[in-house]
There are 2 protein chains.
Amino acid sequence: MSDKKLIQSRDNIVEAAGRTTQGFGLGRIIGQLYALLFFSPEPMSLDDMAGELKVSKGSVSTNIRELEKWGAVRRVWIKGDRKDYYEAEVEFFRVIKSGILPFISRKLDSSLAAVSESRELINAGDQLKSGDKSLADFYSRRLDLIEKAQKKLSALFKLPLW
Amino acid sequence: MSDKKLIQSRDNIVEAAGRTTQGFGLGRIIGQLYALLFFSPEPMSLDDMAGELKVSKGSVSTNIRELEKWGAVRRVWIKGDRKDYYEAEVEFFRVIKSGILPFISRKLDSSLAAVSESRELINAGDQLKSGDKSLADFYSRRLDLIEKAQKKLSALFKLPLW
DNA sequence: CAATACATTCAGTCCATATTGAACGAATAA
DNA sequence: TTATTCGTTCAATATGGACTGAATGTATTG
């Protein structure tokens with residue numbers, strides 16, 4: 001096997017990772033970056049990564065900090081070198097637990113603010129015509145369903161599964 | 001409370017649902033549609049929905065069938081009427097279990113095809129220069145990590161959590 | 001039969017946002 | 001000090017894919 005074949009097999013996964021993150025609405029580069037570091041025996045600098053992926057340094061900077069937030073990569077210091085180097089956190093489940101799940105959780109929380117708002121809007125009104133009242137009751141029961149699901153979901157997210 | 005206030009509180013949630021699905025890379029209308037039906041006391045036709053959301057009938061048709069695939073809405077027949085009517089499946093967890101999780105699972109599976117491919121590429125080569133060999137070994141160990149995570153993940157997806 | 005009333009399709013348009021790259025600031029080196 | 005060498009920012013651009021709406025197909029009605 002030539003070195004070229006090895007690089008090719010790595011690039012194959014890099015590309016797939018990019019497609020995957022793109023498919024989940026996270027952009028292509030973030031997945032490619034993680035895969036690149038995951039298959040790098042040595043830490044890489046921003047310029048290294050930009051060069052390998054043929055993308056701008058600005059993109060690498062932005063995306064690598066996103067990955068850092070998730071705990072998917074970490075910065076490593078190399079003595080006598082001013083550049084920032086990064087390596088991948090290779091324990092997937094640590095990334096999922098400490099990075100991805102909280103990320104999803106936060107997104108959901110922010111959308112649930114609307115539910116509380118609507119609940120207040122509905123509860124606030126007391127003087128109702130009879131037709132409106134039955135519709136308000138219906139809405140109220142629907143909101144109950146959402147809150148029930150919310151509780152189940154957040155309990156699930158807190159479960160120590162791994 | 002006026003009827004207007006009720007509609008407003010519904011639209012508030014419809015909008016939030018649209019933002020949420022958009023945030024997850026699923027498009028705005030699919031979330032708005034589900035929320036609209038979720039808060040409708042009666043089944044709605046395609047024209048009803050297009051009218052309420054001010055979007056094209058084509059969009060409604062496409063998105064409602066996506067929701068149908070997920071089991072998030074179901075078609076209901078109203079006698080003596082040629083239109084298709086839809087109502088929401090209001091049990092969130094049923095939707096998550098039978099619609100959303102399999103959807104995610106399929107996405108992940110398709111990206112894991114690349115892993116097998118790379119595994120084969122690496123295992124196929126036997127005559128290696130020594131430098132290449134150690135890199136090949138490194139890649140091989142990384143692939144092991146991915147497959148380990150894959151197994152944990154698919155086990156998790158099959159867990160009867162609710 | 002023709003006319004109507006519906007849902008679906010898909011080429012074209014449009015929009016959200018991912019990505020770029022020049023400008024900037026900070027830190028180090030000379 | 002000035003000149004480099006980094007990383008970051010953000011206005012501008014590029015791109016993927018969501019959305020539109022006219023055309024199409026199909027079933028029903030008259």
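Projected onto DNA chain D by closest heavy-atom contact, G25(B) and S45(A) fall at different nucleotides, the more 5' of which corresponds to S45(A).
Spacing between atom CD of Q22(B) and atom C1' of dC19(D) amounts to 11 Å, rounded to whole angstrom units. Distance CG (D84(A)) to P (dA26(C)): 16 Å, rounded to an integer number of Å. Atom CG of L26(B) is separated from atom C1' of dG16(D) by 15 Å (rounded to the nearest Å). The interatomic distance linking K79(A) (NZ) with dT28(C) (P) rounds to 18 Å, in whole Å. As a whole-Å value, the separation of F24(A) CZ from dG16(D) P is 19 Å. Look at CD1 on I64(A): it is 16 Å from C1' on dA18(C), rounded to the nearest Å. The distance between atom CG of L46(A) and atom P of dT19(C), rounded to the nearest whole Å, is 16 Å. Remark: C1' of dA18(D) and CD of E66(B) are 13 Å apart, rounded to the nearest angstrom.
Judged by distance alone, the side chains of S45(B) and D48(B) do bring a donor and an acceptor atom under 3.5 Å apart.
Here R74(B) pairs with E87(B), E89(B) under the salt bridge (Lys or Arg N to Asp or Glu O under 4.0 Å) rule; sequence neighbours left out. Judged as a side chain to side chain donor-acceptor pair (under 3.5 Å), and not counting sequence neighbours, the contacts of R119(B) are S140(B), D144(B), E147(B).
The other members of the hydrophobic cluster of Y85(A), by chain and number, are V76(A), I78(A) (side-chain heavy atoms under 4.5 Å, ILVMFWY only). If you chain together ILVMFWY residues whose side-chain heavy atoms come under 4.5 Å of each other, W77(B) ends up in a group of its own.
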Counting only pairs under 3.5 Å, give me each side-chain donor-acceptor contact of residues 18-31 of chain B, with atom names and distances, residues two or more places apart or in other chains.
| residue | atom | partner | partner atom | Å |
| --- | --- | --- | --- | --- |
| R19(B) | NH1 | E15(B) | OE2 | 3.2 |
| T20(B) | OG1 | S111(A) | OG | 3.1 |
| T20(B) | OG1 | A16(B) | O | 2.8 |
| T21(B) | OG1 | A17(B) | O | 3.1 |
| T21(B) | OG1 | G18(B) | O | 3.1 |
| T21(B) | OG1 | G27(B) | O | 2.8 |
| T21(B) | OG1 | G31(B) | N | 3.4 |
| R28(B) | NH1 | Q32(B) | OE1 | 3.4 |

The contact string for nucleotides 20-30 of chain D, one letter per nucleotide 5' to 3', using protein heavy atoms under 4.0 Å with B, S and - for base, sugar-phosphate only and none, comes out as BB-----BS--
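In terms of phosphate contacts, S61(A) brings no side-chain nitrogen or oxygen within less than 4.0 Å of OP1 or OP2 of dG7(D).
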